[in-house]
Undergrad: 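One structure coming up, written as structure tokens, with questions to follow.
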Amino acid sequence: MSIAVSGEPMAELPGDFAIWIFIFAELLVFAVLFAAYAFARSTDVVLFNTAQRALNRGYGLINTLLLLTSGYFVTRACHAIKRGRAQVCARWLSAALGLGAGFLGLKLLEFHQDAQQGITLSSNLFDMFYLCLTFFHFMHVVMGMAILTVITIKAYAGGYSAREHTGVETGAAYWHMVDLVWIILFALIYVIH
Amino acid sequence: MRLTLPAPHTASWLALLGLTLLSFKLGARAGGQALMLAVLALTLFKGHLVVSHFMGLRHARPAWRLLMSGYLLTVGAIVAAAYFSA
């Protein structure tokens with residue numbers, strides 16, 4: 001076994017390797033979408049900047065804080081199960097799910113208010129990218145929450161232990177990917193202009 | 001009194017919240033290439049924190065860390081190139 005500089009053993013990727021293939025594929029798809037958005041913006045900067053100002057930046061900020069904190073809770077769940085504390089792990093996962101639900105609720109409210117403001121897929125190019133990118137990400141959050149729910153139920157039932165917790169790490173890896181993608185989306189859609 | 005440092009993942013979470021607020025404040029200012037580069041740099045660093053301390057790649061083989069760092073840098077470079085070309 002190789003040893004890292006810190007003295008800790010160098011591990012393979014956490015969780016099931018198959019999820020990492022999926023994660024890398026998803027990241028590649030999002031990278032193409034980010035590039036498409038950025039180059040589309042370069043064709044009409046004024047339109048993009050004007051349309052961007054119509055968005056509720058506060059919602060974007062709160063949702064970012066919710067997802068980052070949710071990711072932190074999932075990390076705490078992983079640390080808990082590695083110490084064999086299954087119930088603590090389940091509670092951290094439940095808290096992460098609560099924040100994930102908060103993200104979805106706020107995003108739905110934002111989509112509703114966007115529609116009332118006339119922000120639709122056909123209103124302009126920025127709105128089309130904004131709705132497609134954030135809805136595509138929204139569906140990934142839904143998927144991540146479904147995975148976390150299954151893991152949480154199994155954790156409460158004592159299905160994981162300090163020795164066997166691949167499922168927790170696998171679900172956590174997916175959830176962090178969703179988090180990572182949102183960090184970039186937040187900057188592109190709500191901040192940089 | 002003995003001060004104890006927070007665990008790396010807790011420190012990363014606090015840094016992520018702080019950097020998000022900083023990016024948000026920067027975004028409230030007038031735009032421009034300097035702002036774009038600053039926010040992009042903050043975003044890539046936030047991504048690095050998530051990959052290292054949340055995803056746990058800090059302890060993974062260097063090739064995996066390199067792959068993720070390469071991803072973040074490539075996305076950052078493409079976005080910067082597109083914004084500069086505008």
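Below, chain A is the first sequence line, B the second, and so on; all start at residue 1.
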Undergrad: For A:Phe138, I'd like to know if atom CZ has over 12 heavy atoms of other residues, nucleotides or ligands within 6.0 Å.
TA: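 Count over threshold, so yes.
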Undergrad: What part of B:Leu67 gets within 4.5 angstrom of chain A, counting heavy atoms only: side chain, backbone, both, or neither?
TA: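 Just the side chain, heavy atoms under 4.5 Å.
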Undergrad: Using the rule that Ile, Leu, Val, Met, Phe, Trp and Tyr join whenever any side-chain heavy atoms are under 4.5 Å apart, tell me whether A:Phe135 and A:Tyr59 fall into a single cluster.
TA: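 Linked, A:Phe135 and A:Tyr59 end up in one cluster.
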Undergrad: Applying the 4.5 Å side-chain criterion to the ILVMFWY set and letting contacts propagate, would A:Phe136 and A:Tyr37 be lumped into a single cluster?
TA: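 They do share one cluster, since a chain of ILVMFWY contacts under 4.5 Å joins A:Phe136 to A:Tyr37.
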Undergrad: Of the backbone (N, CA, C, O) and the side chain (C-beta and beyond), which part of B:Tyr71 lies under 4.5 Å from a heavy atom of chain A, both, or neither?
TA: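 Contact with chain A: side chain only.
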Undergrad: Given a strict heavy-atom distance threshold of 4.5 Å, which part of B:Leu57 is in contact with chain A: side chain, backbone, both, or neither?
TA: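 Side chain only.
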Undergrad: Hey, quick one: are B:Leu21 and B:Leu19 part of the same hydrophobic cluster, counting side-chain heavy atoms closer than 4.5 Å, chains of contacts allowed?
TA: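 They do share one cluster, since a chain of ILVMFWY contacts under 4.5 Å joins B:Leu21 to B:Leu19.
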Undergrad: Relative to chain B, which segment of A:Tyr190 carries a heavy atom at a distance below 4.5 Å: side chain, backbone, both, or neither?
TA: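 Neither part.
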Undergrad: Could you tell me which of A:Leu61, A:Leu188, A:Leu28, A:Ile23 has the largest number of non-hydrogen atom pairs under 4.5 Å with chain B?
TA: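 Highest number of pairs under 4.5 Å: A:Leu61.
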Undergrad: According to the interplanar angle, ranging from 0 to 90°, do the rings of A:Tyr72 and B:Phe54 count as parallel (below 30°), tilted (30 to 60°) or perpendicular (above 60°)?
TA: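 A:Tyr72 and B:Phe54: tilted rings.
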Undergrad: Which pair of non-hydrogen atoms, one from A:His193 and one from B:Gly27, has the smallest distance, and what is that distance?
TA: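 Closest heavy-atom pair between A:His193 and B:Gly27: NE2-O, 2.7 Å.
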Undergrad: Sort B:Leu72 into side chain, backbone, both or neither according to what part of it lies under 4.5 angstrom from a heavy atom of chain A.
TA: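 The side chain, not the backbone.
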Undergrad: Among residues 41-51 of chain A, which residues come closer than 4.5 Å to chain B, judged by heavy atom distances?
TA: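 The stretch touches chain B at A:Arg41, A:Ser42, A:Val45.
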Undergrad: Are A:Val141 and A:Val150 co-members of a hydrophobic cluster defined by side-chain heavy atoms under 4.5 Å apart?
TA: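 No, it is not one cluster - the side chains of A:Val150 and A:Val141 are not joined through contacts under 4.5 Å.
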Undergrad: Which value, rounded to the nearest 0.5 Å, describes the distance between A:Trp20 atom CH2 and B:Met68 atom CE?
TA: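 Those atoms lie 5.5 Å apart.
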Undergrad: Within residues 162-186 of chain A, which residues come under 4.5 Å of chain B, heavy atom to heavy atom?
TA: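 The residues closer than 4.5 Å to chain B, in numerical order, are A:Ala173, A:His176, A:Met177, A:Asp179, A:Leu180, A:Ile183, A:Ile184, A:Phe186.
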Undergrad: Write out, in numerical order, the residues from residues 103-122 of chain A with a heavy atom short of 4.5 Å from a heavy atom in chain B.
TA: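 Heavy-atom contacts from residues 103-122 of chain A to chain B are absent.
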Undergrad: Looking only at heavy atoms, which two atoms of B:Val79 and A:Ala38 are closest? And how far apart?
TA: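 Residues B:Val79 and A:Ala38, closest heavy atoms: CA-CB, 4.1 Å.
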Undergrad: Find the one option among B:His53, B:Met36, B:His9 whose heavy-atom pairs under 4.5 Å with chain A are most numerous.
TA: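 The option with the most such pairs is B:His9.
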Undergrad: Roughly how far, to the nearest 0.5 Å, is CD of B:Gln33 from CD1 of A:Ile192?
TA: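 Output value for this atom pair is 12.0 Å.
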Undergrad: So which bits of residues 64-71 of chain A come within less than 4.5 Å of chain B, counting non-hydrogen atoms only?
TA: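 Hits under 4.5 Å: A:Thr64, A:Leu65, A:Leu68, A:Thr69, A:Gly71.
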Undergrad: Heavy atoms only: give me the nearest B:Val39-A:Ala187 pair and the separation to one decimal.
TA: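 Closest approach of B:Val39 to A:Ala187, heavy atoms only: CG1-CB, 4.1 Å.
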Undergrad: What distance separates A:Ile62 CD1 from B:Thr20 OG1, expressed to the nearest 0.5 Å?
TA: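 Taking CD1 in A:Ile62 and OG1 in B:Thr20, the distance rounds to 13.0 Å.
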Undergrad: Need one label for B:Thr10: side chain, backbone, both or neither, based on atoms under 4.5 Å from any heavy atom in chain A.
TA: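 For B:Thr10, backbone and side chain are both near chain A.
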Undergrad: Check whether B:Val50 and B:Leu22 end up in the same hydrophobic cluster, where Ile, Leu, Val, Met, Phe, Trp and Tyr are linked by side-chain heavy atoms less than 4.5 Å apart.
TA: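 The answer is yes; both residues are in one hydrophobic cluster.
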Undergrad: Measure the spacing between CG of A:Leu13 and NE2 of B:His59 and express it to the nearest 0.5 Å.
TA: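 So the gap between those two atoms works out to 13.0 Å.
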Undergrad: Between A:Arg57 and B:Ala28, which heavy-atom pair has the shortest distance, and what is it?
TA: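 Minimum heavy-atom separation between A:Arg57 and B:Ala28: NH2-N, 3.5 Å.
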